[in-house]
There are 2 protein chains.
Amino acid sequence: MTQPMHSMPAVDQVSDDTLRRLAGYNLKRAFNVIHADLGEVLAPLDLRMLTFSALTLIADNNGLTQTQLAEALAIKRPNLVVIVDELEGRGLILRNPVPNDRRAHALSATLPGRRLRDRALAAVLAHEARILAVLDPQERLALEQALIRIRGTA
Amino acid sequence: MTQPMHSMPAVDQVSDDTLRRLAGYNLKRAFNVIHADLGEVLAPLDLRMLTFSALTLIADNNGLTQTQLAEALAIKRPNLVVIVDELEGRGLILRNPVPNDRRAHALSATLPGRRLRDRALAAVLAHEARILAVLDPQERLALEQALIRIRGTA
DNA sequence: GAATAACTATTATGATGAATAACAATTGTC
DNA sequence: GACAATTGTTATTCATCATAATAGTTATTC
C-alpha cells in the first residue's frame with residue numbers, strides 16, 4: 001500500500017463543481033436545508049418528519065391498516081411499529097379491531113390527534129412558505145412537477 | 001387514555017393528497033428513488049453515496065484537510081473519520097502531513113483512487129441520465145436552479 | 001375438512017447517517 | 001509562558017431503514 005512520503009500544502013478553497021452537476025447531490029443538499037428547518041418547526045410539537053407524516057396519513061385515511069400506512073410512507077412494516085407505538089402511547093391514534101380480520105389494526109386519529117395534526121400542518125405550511133420564498137410561483141410549480149415526475153409510480 | 005371501543009372497516013385506497021402539497025415530502029420521495037438506484041449503481045464499485053462524494057472531493061481538491069472535507073460534505077468531523085479510514089485502508093487516498101501544521105492531514109487520492117473515481121463518476125452520470133430521462137432539458141435546468149436556490153448558502 | 005400457503009403485526013438484529021461530549025496533540029494569542 | 005483555539009480522534013447516542021424469524025389469523029387447495 002502506498003505511503004505518504006512527503007508533506008503537502010493544504011488547499012485554500014474547496015470546489016464541489018463535479019458534484020454540483022449531479023441532481024442527486026443538489027437534491028440531497030436542498031433536502032438537508034428543508035429537513036433541518038422542519039425539524040425545528042416540529043420539535044415544539046414533539047413531532048418529527050416521519051411521525052408528522054404518519055399522523056397526517058392516519059387522520060386523512062381513517063381506518064387504514066399498518067401495512068397500508070407503511071406502504072404509503074415507503075417504509076417497511078417493522079419500522080412502522082415503533083412509530084405507531086409512540087403515537088398510540090401519546091393518545092393521538094388508536095389501534096382499532098377490524099371486523100372480519102383479527103390480524104389487522106384499523107388506525108384512527110383521536111380528537112387530540114386531529115388537533116395536533118391541524119396545528120402541525122399549519123406550522124409546516126408556514127415553514128414551506130418561508131423556505132420556498134426564494135422561488136416565484138412558476139418556479140415552485142416547475143419544481144413540484146419535476147419531483148413528482150422523478151418519483152414516478154414509486 | 002381513550003380506548004378502541006368498536007371495530008372499524010379498513011379503507012380501500014390511501015390518499016396522500018395533503019402531503020403531496022408539501023415540497024419537503026415530494027423532495028424526499030424523489031430523493032428516495034434516486035438514492036435507491038444510485039446505491040445499486042455504486043455497490044459493484046464498493047462505494048456508497050457518501051464515500052463516492054468524499055473520494056470525488058478529495059480527487060478534485062488535492063491537499064484539503066479533514067475539516068475542509070467535512071465542511072464540504074456538510075457532515076461533522078467525527079463522522080468523517082470512519083469514511084477517511086475506509087478510503088485510506090483501501091489504498092484509495094492518503095493522509096499526508098502538512099508542512100507547518102502537525103495536527104492536520106492533507107488528503108490526496110492515489111492513482112487507484114483516481115481511477116476508481118473516474119469509473120464511479122461515469123456510472124453515476126449514466127444513472128443520472130437514466131433517472132432524469134423523464135424530464136426534458138428545460139425541466140432539468142429548472143429543477144437544478146430551484147434546488148440550488150433552496151440550498152442557498154448552506 | 002384438514003393440510004398448506006399467505007398475510008398481519010411484531011420482535012430482534014444490524015447497517016448507515018448524523019449529532020454531541022470529551023480528549024490529546026498542536027498551534028495561536030495575550 | 002499561560003491561556004485559548006484548532007485538528008483529528010474516540011466514545012456514545014439517536015434516527016432511519018433493512019432483513020430474518022415468529023405467533024396468530026385468514027385463505028387456498030386437495
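Per chain, numbering begins at 1; letters A, B, ... match sequence-line order.
Residue A/Arg77 places no side-chain N or O under 4.0 Å from the OP1 or OP2 atom of D/dT22. Contact between the side-chain N/O atoms of A/Gln68 and the OP1/OP2 oxygens of C/dT8 is not found at any separation under 4.0 Å. Listed pair B/Arg95 / D/dT9 meets the phosphate criterion, a side-chain N or O lying under 4.0 Å from OP1 or OP2. Between B/Arg48 and C/dG17, a side-chain N or O to OP1/OP2 separation shorter than 4.0 Å is present. Phosphate proximity of C/dA9 to A/Thr67: present, with a side-chain N or O under 4.0 Å from OP1 or OP2.
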Identify each donor-acceptor pair in which a side-chain atom of residues 14-27 of chain B lies under 3.5 Å from a protein atom, sequence neighbours left out, and give them as a table.
residue	atom	partner	partner atom	Å
B/Ser15	OG	B/Asp17	N	3.3
B/Ser15	OG	B/Asp17	OD2	3.4
B/Asp16	OD1	B/Arg20	NE	3.0
B/Asp16	OD2	B/Tyr25	OH	2.8
B/Thr18	OG1	A/Asp60	OD2	2.4
B/Tyr25	OH	B/Arg29	NH1	2.8
B/Asn26	ND2	B/Arg20	O	2.9
B/Asn26	ND2	B/Leu22	O	3.3

N/O donor to acceptor pairs below 3.5 angstrom from side-chain atoms of residues 70-82 of chain B, sequence neighbours left out:
none

When the side chains of residues 32-45 of chain A are checked against the rest of the protein, which donor-acceptor pairs come out under 3.5 Å, sequence neighbours left out?
residue	atom	partner	partner atom	Å
A/Asp37	OD1	A/Arg130	NH1	3.0
A/Asp37	OD2	A/His127	ND1	2.4
A/Asp37	OD2	A/Arg130	NH1	3.1

Below 3.5 Å, can you tabulate the donor-acceptor pairs from side chains in residues 97-104 of chain B to any protein atom, sequence neighbours excluded?
residue	atom	partner	partner atom	Å
B/Asp101	OD1	B/Arg103	N	3.0
B/Asp101	OD1	B/Arg103	NE	3.0
B/Asp101	OD2	B/Arg103	NH2	2.9

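Rounded to whole Å, atom P of D/dG8 lies 12 Å from atom CG of B/Asp85. In this structure, CZ of A/Phe31 is placed 10 Å from P of C/dA18, rounded to the nearest angstrom. Rounded to whole Å, the distance from CG on B/Leu80 to P on C/dT16 is 16 Å. One interatomic measurement links the two molecules: CG of A/Leu47 to P of D/dT16, which rounds to 12 Å at whole-angstrom precision. Rounding to whole angstrom units, CD of residue A/Glu71 and P of D/dC17 are separated by 14 Å. Taking atom CD1 on A/Ile83 and atom P on C/dT11, their separation rounds to 14 Å, with Å as the unit. In this structure, the CG atom of A/Asn100 is 21 Å from the P atom of D/dG24, given to the nearest Å. When rounded to the nearest whole Å, the span between CG of A/Asn96 and C1' of C/dT8 equals 16 Å.
The nucleotide D/dG1 finds its pairing partner in C/dC30, both defining distances of the Watson-Crick or G-U wobble pair being shorter than 3.5 Å.
Position along DNA chain C of the nearest nucleotide to A/Lys28 versus A/Val81 favours A/Val81 as the more 5'-ward residue.
Legend: residues meeting salt bridge (Lys or Arg N to Asp or Glu O under 4.0 Å) with B/Arg149, ordered by chain and number and at least two apart, are A/Glu139.
Counting any heavy atom pair closer than 4.0 Å across all strands shown, A/Leu50 reaches sugar-phosphate atoms only and no base atom.
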Could you write out each protein N or O paired with an N or O of nucleotides 19-26 of chain C at a distance under 3.5 Å?
residue	atom	partner	partner atom	Å
C/dA19	N7	B/Asn79	OD1	3.2
C/dA19	N7	B/Asn79	ND2	2.9
C/dA19	N6	B/Asn79	OD1	3.1

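For the pair B/Thr65 (side chain) and B/His105 (backbone), a donor-acceptor distance under 3.5 Å is absent.
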**Message:** Between B/Ile150 and A/Leu143, does the side chain to side chain contact (heavy atoms under 4.5 Å, CB included) criterion hold? Intermediate values first, please.
**Reply:** CA-CA 11 Å; B/Ile150 290 172; A/Leu143 175 64; 3.8 Å; yes
